[in-house]
Amino acid sequence: MSRAALLVLADGRFPAGGHAHSGGAEAAVASGRVRTATDLAEFCRGRLHTAGLTSAALAAAAASGLDPLILDEAADARTPSPALRGTARKLGRQMMRAARATWPSAELDALAAARPRGAHQPIVLGLAARAAGLGPEDAGHCVVYEVVSGPATAVVRLLSLDPFEATGVLARLAPEMDTVARRAAVAAAQAVRSGVDALPAASAPLLDVMAEAHAGWAVRLFAS
């Protein structure tokens, strides 16, 4: 395993399109739910332990070698919001382009052929991690970092929040990110033995509601 490969995959500059998405932060700011660094921390924590855990486990399962098409169906079942399903597939399509250029893989090629409009992003990320020689927990770490760093970066732009405060939020959440990544890897191992129903399906209904509202805005800074 290459720690450098893990850094490349987790880097916000990896050209997978995440910079154009706020992870629900734009709608949270507009509704007044996120105004301060303390609010941001609570928003990120909630996202981490719900949608973040679910996505990290899907990525870890893909990195473990589970059938990505079955996992893609499982991701659909765990994403009730049509707007979020569309976003996940769009990001998956962009991640696929970047991953295939960086770590060519027959598994990535096969998924791209089977899902030409894009598979869910965590599934693609998990296969990319596998192609890079990384393990399930590494894939989970990539997801959980993205789950909190995306909103943190977005809130800096949306509220002109001090970037030092936003980075402090991420640093203080690091132990919880480690915990969620480990839980994701354990769930993936269980899924290898007993099937995808062993994967978590933690939900965040307010994120779903805000995503649907955000998708209908005429003017917005972020795609989601």
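Quantities reported herein were computed from a predicted structural model and do not represent experimental measurements. Just so you know, these numbers use all the heavy atoms, side chains as well, and skip hydrogens, waters and symmetry mates.
E73 places none of its side-chain heavy atoms less than 4.5 Å from the side chain of D76.
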(message) Pair E176, R45 - check salt bridge (charged side-chain N to carboxylate O under 4.0 Å, His left out), show working.
(response) CA-CA 8 Å; E176 293 179 59; R45 178 173 288 110; 3.0 Å; yes

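Residue E107 holds its CD atom at 13.0 Å from CZ of R100, rounded to the nearest 0.5 Å. Atom CE in M177 sits 5.5 Å away from atom CG in L170 (nearest 0.5 Å). Distance CZ/R130 to CG/L66: 9.5 Å, rounded to 0.5 Å.
Under a 3.5 Å cut-off, the side chain of E26 and the backbone N or O of F222 do form a donor-acceptor pair. Between the side chain of S55 and the backbone N or O of G52, no donor-acceptor pair lies under 3.5 Å. Under the 3.5 Å distance criterion, the side-chain polar atoms of R93 are left unmatched by any main-chain donor or acceptor of R115. For T54 (side chain) and A202 (main-chain N/O), a donor-acceptor pair under 3.5 Å exists by modelled atom type. In terms of modelled atom types and a separation under 3.5 Å, the side chain of R89 and the main chain of G118 share a donor-acceptor contact.
Minimum interatomic distance between L91 and A16 (heavy atoms only, all atoms of both residues): CD2-O, 3.9 Å. In this structure, L108 and A131 approach most closely via the heavy-atom pair CD1-CB, 4.3 Å. Here the closest heavy-atom approach between residue A98 and residue P15 is recorded as CB-O, 3.5 Å. Nearest heavy atoms, A171 versus P175: O-CD, 4.0 Å. In plain terms, the two heavy atoms of A37 and E165 that are nearest each other are CB-OE1, 3.6 Å. Between R78 and L199 the shortest heavy-atom distance is NH2-O, 3.1 Å.
Residue pairs meeting the ring-ring contact (aromatic ring centres under 6.0 Å, His included) criterion with at least one partner in residues 180-207, sequence neighbours excluded, do not occur; the list is empty.
In F14, the CZ atom is crowded: over 12 heavy atoms of neighbouring residues, nucleotides or ligands sit closer than 6.0 Å. Shown here is R35, whose CZ atom has no more than 12 heavy atoms of other residues, nucleotides or ligands within 6.0 Å.
The side-chain contact (heavy atoms from CB on, under 4.5 Å) test with H120 is passed by exactly one of T79, L58, L71: T79.
Under the rule for a side chain to side chain donor-acceptor pair (under 3.5 Å), R47 has no partner lying at least two apart in sequence or in another chain.
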